[in-house]
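Notes for the one structure printed next.
To find a chain, count down the sequence lines: A is the first, B the second, and so on, and within it residues start at 1. All values below come from the heavy atoms of this structure, side chains included, with hydrogens, waters and symmetry mates left out.
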Protein chains: 2
Amino acid sequence: MQIATPYLMFLGDVPDRLAAKTAYGIVDWRPEWCVGQLRLPGCAADLGIPDLTLAEAMAKGARTLIVGVVNAGGVLPEHWVASIVAAIEAGLDVASGLHTRLGSVPAIAEAAERRGRRLHDVRHSDERFDTGKGTKRPGRRLLTVGTDCSVGKKYTALALERGMRAAGFDADFRATGQTGVFISGRGVAIDAVVADFISGAVEWISPAAAPEHWDLIEGQGSLFHPSFAGVSLGLLHGAQADAFVICHEPTRTRMRGVQHPLPSIREVIDLTIRCGSLTNPDIRPVGIAVNTQALDEAEARAVLDRLAGEHDLPATDPVRFGVEGLVARLAALFPAGAAA
Amino acid sequence: MQIATPYLMFLGDVPDRLAAKTAYGIVDWRPEWCVGQLRLPGCAADLGIPDLTLAEAMAKGARTLIVGVVNAGGVLPEHWVASIVAAIEAGLDVASGLHTRLGSVPAIAEAAERRGRRLHDVRHSDERFDTGKGTKRPGRRLLTVGTDCSVGKKYTALALERGMRAAGFDADFRATGQTGVFISGRGVAIDAVVADFISGAVEWISPAAAPEHWDLIEGQGSLFHPSFAGVSLGLLHGAQADAFVICHEPTRTRMRGVQHPLPSIREVIDLTIRCGSLTNPDIRPVGIAVNTQALDEAEARAVLDRLAGEHDLPATDPVRFGVEGLVARLAALFPAGAAA
């Protein structure tokens, strides 16, 4: 599955910015793919890109309408259907992150069939995967892991892609969640895969590559999250990571959605190495990525300095302070010409 | 979902005994539920129970036709459809472990609709689960874990159910795989659940219970199996096990389906405690269950004695030598009246 670019971003009439979080993420990381936005009356989100009619979007080369919004229960509202059908009629594919499958809405299915347009439901996977093999394949792999859900694993992998490419590395972001799939135009929402195929799906997402090529694999959940650790472990085993970056949000006191306290970064490093060794005995931590949004700059610097010292690893906020330290550490640990 | 009992066992025309493994498991553990078998010409398996016509099975009170066989690709052969439709016409529900959904075969769907019979596809789950909460709920729980797949986790849990009930415990087997679902008439094939809901599904399978009630939860895979460890970890977190039994097959040298060596029992104990502590800090091992089928009795006794000594735990082959030692250990560690 490859989602055709560029995109016209559909926001419907979402009531706030948060409901369009996925769309904002796409515009942040792939502004060159987002020709404009299509909003309905009452929409409270604004991506800061031109409002376009379908005709204008087509004239700008748009290929896919992205439904990058969330909604109570992930359901597609009735009154959005006409806009989606009109987009298909105009010649766009449609990609959606909603729980409702686009093809389950008769008017949408019928229009897509008639116009020969593709429908992508990134929250579902129709790909048939093998079970994981667990054996090493060529190419280098870095996985972002977390002390919790929603601590910056996707942003860290994307910032690394940008920073490593700028430093001359051959590197690709590999998406394992729906926003990441929109941002890279490919990948699999791993939490929607049938449990038996978690690690096999990750092996599919990150196939054999050139010896010095880096896959930067977006992590999910946390080995310490009681709801989602199974996903995180299958992801770790399928990634067969050579390197991992620990992602953290320093002001959080409880794990997202449950009553459990956050693990320490040390615990995450230890358990990641212990479990990750099963499919890659050489796995090692290469840095710490901290989401310092809630801290002022002095506080942020202090937290990063402390963590770097405690763990003898480069520590940064990838969005605020860049990834130079992480890239330098990777260059030192994995010198060119040394790949097996 | 509760599968109505008793069962008429449908074997089709499977080419060997192995293809009917699920059916043999059901007859082993629930002979009282199996009124007879229905076989097509050429069937090479024989459950050792009476061959019945549909009319005879109905006269004996059968409620559900069990398609307890495997087939290349899990596909339902065309020439079995007529038998299944006839069973529905005769008044039976149908439960299948094949990959093909019964309801996806128009003749079967139509017959079930017309006759008001239920179709159970135990390899699929249409139940909507919550994500796991990870918080302790009343009742006691034991999980069978393994050094590998297919080492006796289901049989151990079933043998414990039988032995604990005989010893006066209030105990229920909780199925997490398709054969187990047929054997208990309920449960969920956990490897078929969407990855995000593994631990939530286990919490659903094993709900809050009386303080001294034991759920004996069938484990799946192994924390050390590179294909399926994610399932095993989600299961461990959802089970919130107070106790676990390590299951092992002593003649196996490589993990099933992959190139990896088996972990030691010590490694399994350590990682199970480490990871299981997240949702139950009091988790502890209570015994070792060894499938000694490949050993003569003296060899089997020797292996069990050695393991018991090495780990200071009762060690047995539950099928060959019973579970008295395990039950005694549970009674000692969890005295009546001590439940929180």
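Closest approach of B/Pro226 and A/Thr279 over heavy atoms only: CB-CG2, 3.7 Å. B/His225 approaches A/His237 most closely through the heavy-atom pair O-ND1, 4.3 Å.
Of the listed residues (A/Gln259, A/His260, A/Lys133), the greatest number of heavy-atom pairs within a distance under 4.5 Å of chain B belongs to A/His260. Ranked by heavy-atom pairs under 4.5 Å with chain B, the first of A/Gly200, A/Ser227, A/Gly134 is A/Ser227. The most heavy-atom pairs under 4.5 Å with chain B, out of A/Ser199, A/Pro263, A/Gly234, come from A/Ser199.
In the displayed structure, B/Lys136 atom NZ is contacted under 6.0 Å by more than 12 heavy atoms of other residues, nucleotides or ligands. A 6.0 Å sphere centred on CD of B/Glu113 holds no more than 12 heavy atoms belonging to other residues, nucleotides or ligands. Heavy-atom contacts from other residues, nucleotides or ligands closer than 6.0 Å to CZ of B/Arg186 number more than 12. Residue B/Glu310 places its CD atom among more than 12 non-hydrogen atoms of other residues, nucleotides or ligands, all under 6.0 Å distant.
Listed by sequence position, B/Ile190, B/Asp191, B/Ala192, B/Val193, B/Val194, B/Ala195, B/Asp196, B/Ile198 are the residues of residues 190-198 of chain B in contact with chain A, using a 4.5 angstrom heavy-atom cutoff. Residues of residues 268-278 of chain A lying under 4.5 angstrom from chain B, judged on non-hydrogen atoms, are A/Asp270, A/Leu271, A/Arg274, A/Cys275, A/Leu278 in numerical order.
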